[in-house]
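Computed from a prediction, not measured in an experiment: that's the story for all the values here. Worth knowing before you read on, the calculation uses all heavy atoms, side chains too, and leaves out hydrogens, waters and symmetry mates. Note on naming: letters A, B, ... go to the chains in the order of the sequence lines (proteins, then strands), and numbering restarts at 1 for each one.
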Amino acid sequence: MALPQRQTDIGPPKYDQFLPPIIKKNYGKWKYHEVLTPGTMVHVAESGDKLYTVRVGSPRLLSTETIREICDLAEKYCDGYLRFTTRNNVEFLVSDKSKMDPLLAELKVKKYSVGGIGPRVSNVIHTQGWVHCHSACTDASGLVKAMMDELYDYFTTKELPNKVRLAVACCVNMCGAVHCSDIAIVAVHRKVPTINDEMVTKTCEIPTTIASCPTSAIRPNPAKKSVTINEEKCMYCGNCFTVCPPIDIHNPEEDGVAIVVGGKIGSLRTDPKFSKLAIPFFYNEPPRWPKVVAAIKNILETYAKHAKKHERVGEWIERIGWERFFKLTGIPFTFQHIDDFTFARDTFRTSAAFKY
Amino acid sequence: MALPQRQTDIGPPKYDQFLPPIIKKNYGKWKYHEVLTPGTMVHVAESGDKLYTVRVGSPRLLSTETIREICDLAEKYCDGYLRFTTRNNVEFLVSDKSKMDPLLAELKVKKYSVGGIGPRVSNVIHTQGWVHCHSACTDASGLVKAMMDELYDYFTTKELPNKVRLAVACCVNMCGAVHCSDIAIVAVHRKVPTINDEMVTKTCEIPTTIASCPTSAIRPNPAKKSVTINEEKCMYCGNCFTVCPPIDIHNPEEDGVAIVVGGKIGSLRTDPKFSKLAIPFFYNEPPRWPKVVAAIKNILETYAKHAKKHERVGEWIERIGWERFFKLTGIPFTFQHIDDFTFARDTFRTSAAFKY
Amino acid sequence: MSGKYKTPMLDELEKGPWPSFVTEIKKAAKKSPMADDELGQLEKSYVTKRGYWKHGGIVGVLGYGGGVIGRYSSLPEEFPGVAHFHTIRINQTSGFFYTAKALREICDIWDKYGSGLTNLHGSTGDLVLLGTKTQNLEAIFAEYSSRGWDLGGSGSAMRTPSCCVGPGRCEWSNYDTLDLTYNLTQEFQDELHRPAYPYKFKIKASGCACDCVASIARADLSIIGTWKGDIQIDQTEVKKYADSGMNIKAEIIDMCPTNCMAYDGKTLRIDNAECNRCMHCIAKMTKALRPGKERGATILVGSKAPIVVGSLLSWVIVPFIKVEPPYTELKNLIRKMIEWWDDNAKPRERIGELIETKGMRPFLEAIGVPPQPQQVKEPRKDPFFFWSESDFKK
Amino acid sequence: MSGKYKTPMLDELEKGPWPSFVTEIKKAAKKSPMADDELGQLEKSYVTKRGYWKHGGIVGVLGYGGGVIGRYSSLPEEFPGVAHFHTIRINQTSGFFYTAKALREICDIWDKYGSGLTNLHGSTGDLVLLGTKTQNLEAIFAEYSSRGWDLGGSGSAMRTPSCCVGPGRCEWSNYDTLDLTYNLTQEFQDELHRPAYPYKFKIKASGCACDCVASIARADLSIIGTWKGDIQIDQTEVKKYADSGMNIKAEIIDMCPTNCMAYDGKTLRIDNAECNRCMHCIAKMTKALRPGKERGATILVGSKAPIVVGSLLSWVIVPFIKVEPPYTELKNLIRKMIEWWDDNAKPRERIGELIETKGMRPFLEAIGVPPQPQQVKEPRKDPFFFWSESDFKK
Ligand code: SRM
Ligand code: SRM
Ligand code: SRM
Ligand code: SRM
Ligand code: SF4
Ligand code: SF4
Ligand code: SF4
Ligand code: SF4
Ligand code: SF4
Ligand code: SF4
Ligand code: SF4
Ligand code: SF4
């Protein structure tokens, strides 16, 4: 079968051809919106037109079969129009109000998870993990599934003080936005990489490899035409592995995940914030990482119990102080919590005022 | 005349021999105090005893003649008891209330400056300057005198939202507490040091000199057995001069002073704060530095006008935002204000929320 | 064809209410041996707690230098279906809008050449096709490109720009995020497809300070909509919020970061000169409050993930700029930024890292933007600052 | 003897109401040619805008390595009186308390051997005698030490500890600052007089969080008094403040950083568990509020001036410690800190800088203090952290 003629540098198709007529008509002229249920909202245009949205949770990793199923629904209820959100949920764009109930009914039958709108948990930003990435030291998809099963009600029904953005990074490259999430998991190594000297000699550029180490832990090993690593200095970032794979950072027995909390993105009320370390380590416990999931639930529910309305996790913690966060959650404070890298100076407490 | 027998490692005389009887009696048993006038206060003990304090401004640089004069007053009104404050003021410790008015009267006649207590300007922390230090690039005492003449009413009478702590550092060694003052002056260089190669060879240790530079601007000059400085990298800190005097950082034409603001020490309400750059440069204009003095007065009075009661300068600025501080004071914002050194990362704005 | 593997570990992850990625892989595995071997290898990872992917080799399509992530199993004999398992990055549409027709077309081609597995979407924004073989790449590209779909970026290149839904469905969008993103993607086609930068460069565009595409945290260039002028207040709607039980004082007035709001039980007042446009009040009282009328965006630069000296959030560079087609001013600004970065960066140095290394001044001078207090949270703390010859001339 | 110089510049600084240092120098110059030459040289500095002092050489008294700052004029021919112009640092008394008698004695000796100029006090705390010649040093030391006064520190040594007035006259002092300072000064006599440290080490002691001796900004070891237990409230006095016109809500409640106070117009309540003991309410309502009953101090470490990588404020190391004679626990702690610093620092590296270089963990482990959330404002932001073998044993 002959292939069609390839084209280059055409970029993506122009967005306007995918916009439903109601959006084309009211483009940029929306007046307000209302959240109707945890999974539905309506946007009202200046013209008075109303666009209904139904949001459905997605595992992000989708088979073509499921995509076709979703397309069927879109055609049935939305004239074929749908979109995905920046957190990988599916949104059905319903122009005709009368189609809402039937759509929701069919979604229910088909066991779709409707929710994620408003002050609650939405989908978990995550990346490849063991599914596809050589760099992974945990599986992102599995952690997400285990977490979301446990927090399911917070997606579909329960309200929280504000949105809680969850994320999982399967290594410190952090391909999601873990570094600014309300509660997130990041996979970490804890052991100095092992070096396959022969392969290093063959496949790596020694000076680049040495330069890749942020703590200058790597020194040349001229005898073996390879490198050595100073154990004292290595903080297991894996950057050497990225530039020179025979330096293997993986250690299935001692790899695992950390939990970070208190980040945010939006500038509402308080500046965007980085997430900070809450729990430095859990062993990988596939398939369902029960301890990790329990720890996240504990943090989420402590927040839900103590925060004021509209306060994000980080805003709540900053109001009460980190010392109080550790007390309320019962999380032990360890040496790992104290920064000894780039930001150390800013994180040490420089005040006589703190809570016991 | 034979010298008396020297003693070593005896330390200072024990403090208790200098405490007036009323303090000995009520030591650690003070109940409260009241500020009576800008230069007087009373401390009331649990026993009901009252200790009156009269505070008098001092140039810190005192002749023995003046000290003797002060001693005379102390003997006349305080049984000889007096103290100095941590900001170099003199405090007469009056146990007998009836001696207050005569003391104040005599101080008035002798033109002493009574004041500095409560929410106002107190003495200016400063150090040696041209009076005694080889490192000085301005004169501290002169600046202080010029400033305090101009701000005199804020010491003796006028009230401010809170204490305003002023300081002058005669070089970036900052022997005072300039780095955490409400408003302070710090003398700065702006030109790369000149190198007397011959003297460098003779008197300096080259490796130490090279290592002294925080920006790695200094390189060896083997030809001359001296060093050279990379102009691009030098930020005129003078540390090389400290370890190797023939590298002369002084440049009378281009040396001058910067004004920093917003620092504080106490932990009340908000954490202690570093002062931040307000105005990067003024030429030295001895004997009275009129532009510097005017700039400081402008900042002080803008603060006085806009701050809430009990707000320190830094607290006020943080409430309104630095962008607003620059607008209200009319101070131009320059490249020098933007950090490009140790703290740069933390000072760049990482939020979409700011004032125009 | 499918079901080659027993997957007791993964089967655990089909339990529970949240949609299961394992179910998705199994669905694909029914049709694709590649997907089935993916399932088998993943089960093994779950047992041994480690991945079995090798470092990606360089694979791609003719004339392009990116858009495909090479991926090989380290156990090709055990799992031959994933011996090659490359991903294809396809430019998503602005705002992730699709029609069922378009998505079906994408699926049809993918079923023909790949594993049938996708990510909707990748973290940068691309439509990610997960798992194919080297020999299929040219065919895949021909099929997609002939139907109007192009590859996304990878490697040291411009990456696919991405944006929030913006004017498509949001009342707060201060500029046309969809159109700008489309335009920028077209503008940088060459840089997107042929890696020639020191490292990756990402652009993300949000219509307001809610920043629904997380641009401030993960884009070298973050474009965040904002306004000038007074917030528009509808006092009748304010009253309705109060009547419907909103505690305006606690929820709005007291949470306003600049304390520039007042409410006396009747009228809501805003001291707009002191408002920092944080969006809190507008977001929580959407019927009553709307952004001011002069619209535009703040340009921020530099965010990235923590490798290797800590994460960065983007920094304000241009406090306010108009964003209107044909976006000439903005495009020129971006080109100047990239040029300076390209001229000065070491390999694998992001633009934010370069600014930190060189200082903000050379960057601002290169792009012709003056220093402004809006660029900093606070001025410098130390007394060590540079002077240029140009500063002395006056 | 005096009046050798015309000083039109400096004369300007005798005008105005603030006491003039120029007048002081002139007063001294009447008796001392050294002071007169100081005046002349200073006038010259005012004209030429530069100092005329050479780098200090090493001068001192037998058996001591510090306490004297050598200073020489670079114009000894022009100003022979300041050819040598060394300063002597004399340990001040705790809290700067003196009697007229003691001060007179100090003056008498100084008039005999020096310029008659002093600083009351130096920035570290010493009583500074400004300007004498090398040949007088031994005599000066003999005179002072025989009368109970000893030299202060200089160089790479323990520096004279300093403190706030504390229990001597302040109702908020949480421990005996005067006695502790005296004790520590005695304890470290050897280290104070014979520089053997990597660099200077300063101790300052404040009785409460007002920190009237600025310890948190300029002492390697900052000791700041604080308490445990409930703030003591006298409601009658609260009422009096209200009656006398204090706006308790605006000035106190709303300014409490932890929002742990409430006032209903009658009773002031404090949620003491949430109070961070900042001192604001106590300082502004001194008659009504007093610190809790269990008294002690917070130990902070590391502050210094900006040379050369930016100023440091001291960091909380021990949140609460009892401070009672003979201060054994505190002294042991300080010795352990200094020992670790001494063992690990490069020359001219302050203890704060060393902690930054090595990380907080080795320091805490060396001094036997466990990690506690009170030591940080917030936990680390990046995911790069060390593990020790000891962390794995469990
Ligand atoms: C659909 C989506 C944009 C898109 O182009 O896909 C979107 C849509 C809306 N966002 Fe968003 N946000 C979306 C991702 C985000 C993100 C990005 C992220 O999570 O990675 C953020 C930044 C989160 C952060 O700060 O960490 C975000 C922070 C907000 C906020 C600020 C919340 C706050 O108070 O901190 C608002 C305002 C609000 O909720 O009151 C908002 C409000 C809204 C509104 C109400 C805007 C409107 O009028 O249409 C939309 C529906 C709200 C909802 O879902 O509750 N949106 N929103 C994204 C949905 C993701 C999802 O599936 O859940
Ligand atoms: C005498 C002195 C202590 C000494 O041992 O010499 C002292 C004495 C008192 N201080 Fe202080 N402070 C003294 C230096 C300081 C310093 C240190 C400095 O300025 O270098 C500070 C830190 C300043 C800072 O935060 O930057 C200081 C911050 C305070 C504060 C906190 C003010 C605030 O709200 O931020 C108070 C409480 C108050 O004023 O309400 C305070 C309160 C007091 C009280 C009321 C304490 C008391 O009950 O006796 C004393 C009289 C207050 C006054 O002068 O207004 N004292 N006080 C010092 C007088 C210096 C002078 O001559 O002016
Ligand atoms: C596919 C994707 C994750 C996903 O599942 O969605 C991804 C996958 C990889 N990322 Fe990423 N990154 C992806 C979005 C991101 C993002 C988020 C974003 O773009 O908004 C980030 C954080 C933002 C940033 O750019 O800093 C991100 C930060 C990294 C980094 C760290 C870069 C840094 O400067 O800190 C690396 C490491 C590197 O470049 O060597 C990395 C490297 C990688 C590599 C190529 C692994 C490597 O070490 O070479 C991963 C290939 C995985 C695979 O086998 O499929 N990826 N990566 C995302 C791209 C899909 C798409 O095109 O839409
Ligand atoms: C005399 C005094 C200033 C004054 O007029 O009061 C002083 C004077 C000098 N200081 Fe200082 N420092 C004085 C208190 C301070 C303080 C304040 C304090 O101790 O509370 C500081 C800031 C706190 C700190 O220690 O960081 C201070 C930070 C410095 C520095 C910077 C040290 C650093 O690590 O950042 C230097 C530079 C050096 O050590 O090379 C320095 C160096 C100097 C030298 C020795 C000049 C030099 O480069 O060698 C000055 C001699 C001046 C002279 O000719 O008389 N002086 N110096 C103070 C000591 C008097 C006393 O004993 O009471
Ligand atoms: S976070 Fe790490 S493991 Fe996960 S996809 Fe990105 S590079 Fe791969
Ligand atoms: S893992 Fe990171 S810190 Fe350790 S040697 Fe490799 S690059 Fe260096
Ligand atoms: S600040 Fe500088 S010039 Fe002033 S006394 Fe200290 S070292 Fe000397
Ligand atoms: S002045 Fe400072 S920055 Fe310049 S060469 Fe000397 S040590 Fe380096
Ligand atoms: S970023 Fe602002 S404009 Fe864009 S979708 Fe979110 S709320 Fe709307
Ligand atoms: S946008 Fe933010 S700063 Fe402006 S009025 Fe509303 S809440 Fe206040
Ligand atoms: S620090 Fe506290 S105890 Fe000491 S004088 Fe100041 S207010 Fe009093
Ligand atoms: S001491 Fe400070 S934190 Fe405690 S109640 Fe008083 S004002 Fe609030």
Side-chain angles (χ1 to χ4, degrees), chain B residues 3-7 9-15 18-19 23 27-28 30-32 43 59-65 67 71 74-75 80 83-84 86 127 130 134 136 141-142 145 148-149 152 173-177 179-180 214 237 239 245 250 252 265-269 272 274 284 286-287 342, chain D residues 9 12-13 16-19 21 24 27-28 45-46 49-51 53 55 91 93-94 96-100 103-104 107 111 116 118-120 123 139 142 145-146 148 150 167-169 171 178 185-186 189 209-211 213-214 216-218 255 257 278-280 286-287 305 308-311 313:
Chain B
L3 285 173
Q5 181 57 45
R6 82 207 291 266
Q7 291 186 274
D9 299 314
I10 54 168
K14 196 165 180 201
Y15 56 95
F18 305 109
L19 302 177
I23 289 190
Y27 194 78
W30 300 101
K31 199 163 169 208
Y32 67 89
H43 282 79
R60 189 179 86 124
L61 201 176
L62 294 175
S63 63
T64 46
E65 194 182 324
I67 299 174
C71 289
E75 273 170 346
R83 71 178 291 269
F84 292 81
T86 60
T127 49
W130 292 329
H134 68 288
S141 311
K145 167 72 176 143
M148 285 305 285
D149 281 343
Y152 195 67
N173 281 344
M174 285 196 178
C175 294
H179 58 299
C180 297
C237 71
N239 203 40
H250 296 283
I265 299 286
S267 296
L268 296 85
R269 298 169 304 281
F274 289 117
N284 271 323
T342 319
Chain D
M9 286 287 234
E12 286 300 313
L13 289 169
W18 188 251
F21 71 103
E24 294 302 312
K27 277 187 181 177
S45 287
Y46 268 65
K49 302 183 194 174
R50 61 162 302 159
W53 300 108
H55 241 266
N91 273 167
T93 58
S94 279
F96 311 102
F97 281 96
Y98 295 95
T99 54
L103 279 180
R104 285 225 176 79
C107 292
D111 279 341
T118 72
N119 285 147
L120 288 172
S123 208
S145 68
S146 65
D150 205 342
R169 200 197 48 200
E171 65 266 37
L178 303 181
T185 312
Q186 293 295 348
Q189 280 298 302
C210 289
D211 198 2
V213 74
I216 206 168
R218 45 199 191 115
M255 285 189 142
C278 82
M279 282 299 296
H280 172 71
T286 172
K287 291 187 190 172
V308 286
V309 285
S311 308
L313 282 157

Residue selection (most heavy-atom pairs with chain B, distance under 4.5 Å) from D:Q186, D:K49, D:H55: D:H55
B:P12 side chain reached by D:D150 side chain, heavy atoms, under 4.5 Å: no
Sub-4.5 Å side-chain heavy-atom contact between B:F18 and D:L178: no
Between CD1 on residue D:I216 and OG on residue B:S267, distance to nearest 0.5 Å: 5.0 Å
Where D:W18 and B:K145 come nearest, the two heavy atoms and their spacing: O-NZ, 2.5 Å
Leading residue by heavy atom contact count with chain D [cutoff under 4.5 Å; candidates B:Y32, B:Y15, B:F84, B:W130]: B:W130
B:S141 versus chain D, the contacting section by heavy-atom distance below 4.5 Å: both
Spacing of CG belonging to B:L62 relative to NZ belonging to D:K27, to within rounding of 0.5 Å: 8.5 Å
Max heavy-atom pair count under 4.5 Å with chain B, selected residue of D:K287, D:E12, D:M279: D:K287
Smallest separation among heavy atoms of B:R6 and D:A142, with atom names: CB-CA, 3.8 Å
Chain B interface, residue from D:G168, D:G310, D:S123, D:A28 that has the most non-hydrogen pairs under 4.5 Å: D:G168
Most chain B-contacting option - heavy-atom pairs closer than 4.5 Å, from D:S94, D:A305, D:A209, D:S311: D:S311
Most contacts with chain D, counted as non-hydrogen pairs under 4.5 angstrom, among B:P214, B:P245, B:C175, B:P272: B:P245
Counterpart residues, salt bridge (charged side-chain N to carboxylate O under 4.0 Å, His left out), relative to D:R104 (two or more places apart): B:D72, B:E75
B:R83 to D:F97 six-membered ring, cation-pi geometry met (6.0 Å, 45°): yes
B:S63 side chain near D:E24 side chain, heavy-atom distance below 4.5 Å: yes
Pick from D:T286, D:N91, D:T93, D:L120 with the largest number of heavy-atom pairs that fall under 4.5 Å of chain B: D:L120
Residue pair B:D149 / D:G16: nearest heavy atoms and the distance that separates them: OD1-C, 3.4 Å
Option in B:I23, B:L61, B:T342, B:T86 with maximal non-hydrogen atom pairs under 4.5 Å from chain D: B:L61
Residue among D:D211, D:V309, D:V308, D:V213 with most heavy-atom pairs under 4.5 Å to chain B: D:V308
Nearest atoms (heavy-atom pairs only) where B:L268 meets D:H280: CD2-CA, 3.7 Å
Reported CG-to-CD distance for the pair D:D111 and B:E65, which is rounded to 0.5 angstrom: 9.0 Å
Listed partners of B:H43 passing side-chain hydrogen bond (donor to acceptor under 3.5 Å, both in side chains), at least two apart: none
Taking every non-hydrogen atom, the tightest pair across D:L13 and B:P287: CD2-O, 3.4 Å
Heavy-atom closest pair, residues B:I265 and D:A217: CD1-CB, 3.4 Å
Proximity breakdown for B:Y152 and chain D, heavy-atom pairs closer than 4.5 Å: side chain
